[in-house]
Amino acid sequence: MARPSQPLLSRAIIARAALELLEEEGPQALKMRALAERLGVRGASLYHHVASKDDLLDAASELINEEIDLGPLQNPEWRDGLAEYARGYRRVYLRYPNVIALVARRRVEADKALRGYDALLATLVRAGCTPDRAAEAAAAFDYLVLGSALETFAAGFTRDPAGYRPAHPALADALESADARPGGLAALDDRGFELGLRLILDGLAARLAAP
């Protein structure tokens with residue numbers, strides 16, 4: 001009998017299935033038994049490739065980090081490179097919002113993740129940051145990107161903007177004005193991210209220009 005052209009299971013196949021399960025059913029659904037059922041195998045088969053649920057999350061993180069493009073960090077125009085990198089980083093995590101809470105506080109061990117942070121810090125140092133300031137800026141990028149991918153500001157306000165009057169007039173004014181902007185309220189999260197990104201980049205530029 002011919003052998004299958006590719007293995008039925010691998011660490012990457014299991015991790016991809018875990019990401020799909022997380023995004024379809026939420027973090028509470030990520031159980032080894034449910035994952036085995038999804039893959040059509042016995043639960044014990046998974047442990048030949050991932051040692052535990054903790055190891056499974058590491059494998060899922062590795063897959064996500066593979067999707068983050070580090071190329072923009074080679075741009076000699078550091079502001080443009082950092083902006084493009086941050087937008088790409090956010091786009092990746094917007095595809096996996098249910099994963100963020102599970103991986104954001106985990107240790108950083110995956111080689112691609114470590115190379116990503118190394119490349120980001122090297123870019124910041126080339127721009128003129130001292131290593132300690134580069135670490136602060138890298139943390140700020142992480143907070144902005146992961147926070148904006150995890151939370152939706154606009155979708156939290158489910159009423160028509162006028163429905164917040166008269167008890168919350170400033171909120172009503174802000175939502176009505178935001179709705180009148182290009183893209184309306186649906187684009188508010190993206191505009192908020194872009195504002196935060198500009199503020200970080202402007203702050204870095206001002207700090208680098210200071211004596």
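These numbers come from a predicted model, not from an experiment.
Taking a cutoff of 4.0 Å between a charged side-chain nitrogen and a carboxylate oxygen, Asp202 and Arg79 qualify as a salt bridge. Looking at Glu23 and Arg95, no side-chain N of the basic residue comes within less than 4.0 Å of a carboxylate O on the acidic one, giving no salt bridge. Look at Arg107 and Asp54 and you find a salt bridge, because one of the NZ, NE, NH1 or NH2 atoms lies within 4.0 Å of a carboxylate O, short of that distance. With respect to the salt-bridge test (charged N to carboxylate O, under 4.0 angstrom), the residues Arg90 and Asp190 qualify. A salt bridge is absent between Arg16 and Glu66: the closest approach of a Lys/Arg side-chain nitrogen to an acidic carboxylate oxygen does not fall below 4.0 angstrom. Taking 4.0 Å as the cut-off between side-chain N and carboxylate O, Glu136 and Arg133 count as a salt-bridged pair.
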Test side chain to side chain contact (heavy atoms under 4.5 Å, CB included) on Val103 and Tyr93; report intermediate values, then the result. CA-CA 11 Å; Val103 304; Tyr93 271 98; 4.2 Å; yes
Decide side chain to side chain contact (heavy atoms under 4.5 Å, CB included) for Leu22 and Leu102; before the verdict, give the C-alpha distance in whole Å, the side-chain angles of both, and the deciding distance to 0.1 Å. CA-CA 10 Å; Leu22 278 165; Leu102 296 178; 3.5 Å; yes
Between Arg87 and Glu194, does the salt bridge (Lys or Arg N to Asp or Glu O under 4.0 Å) criterion hold? Intermediate values first, please. CA-CA 9 Å; Arg87 292 181 186 119; Glu194 289 294 330; 2.8 Å; yes
Using the rule given for side chain to side chain contact (heavy atoms under 4.5 Å, CB included), can you reason through Leu120 versus Leu82, listing the C-alpha separation, both sets of side-chain angles and the distance that settles it, and then say yes or no? CA-CA 8 Å; Leu120 173 59; Leu82 286 170; 3.5 Å; yes
Should Trp78 and Leu124 be marked as a side chain to side chain contact (heavy atoms under 4.5 Å, CB included) after you check the CA-CA gap, both sets of side-chain angles, and the distance that decides it? CA-CA 8 Å; Trp78 66 267; Leu124 290 163; 5.6 Å; no
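Side-chain contact between Asn65 and Arg115 is absent, with no heavy atoms from C-beta onward closer than 4.5 Å. Inter-residue side-chain proximity for Leu175 and Asp179 is flagged as unmet; no heavy-atom pair is nearer than 4.5 Å. Within the 4.5 Å cutoff, the side chain of Tyr96 has heavy atoms near those of the Glu67 side chain.
Tracing side-chain contacts under 4.5 Å through hydrophobic residues (I, L, V, M, F, W, Y), one never reaches Leu199 starting from Leu146; they form parts of separate clusters. The hydrophobic clustering, which links ILVMFWY residues whose side-chain heavy atoms are closer than 4.5 Å, places Leu201 and Val125 apart. Residues Leu188 and Leu144 do not share a hydrophobic cluster, defined by chaining ILVMFWY side chains whose heavy atoms lie under 4.5 Å apart.
In terms of modelled atom types and a separation under 3.5 Å, the side chain of Asp58 and the main chain of Ala110 share no donor-acceptor contact. In this structure, Arg181 contributes its side chain and Ala187 its backbone to no donor-acceptor pair below 3.5 Å. For the pair Arg191 (side chain) and Leu185 (backbone), a donor-acceptor distance under 3.5 Å is absent.
Classification of the Tyr89-Tyr85 ring pair by plane angle, with boundaries at 30° and 60°, yields tilted.
Using modelled atom types and a 3.5 Å distance limit, the side chains of Arg106 and Ser61 yield no donor-acceptor pair. Asp132 and Thr130 are linked by a side-chain donor-acceptor pair at a separation below 3.5 angstrom, with hydrogens and angles left out of the test.
In the displayed structure, Glu62 atom CD is contacted under 6.0 Å by more than 12 heavy atoms of other residues, nucleotides or ligands.
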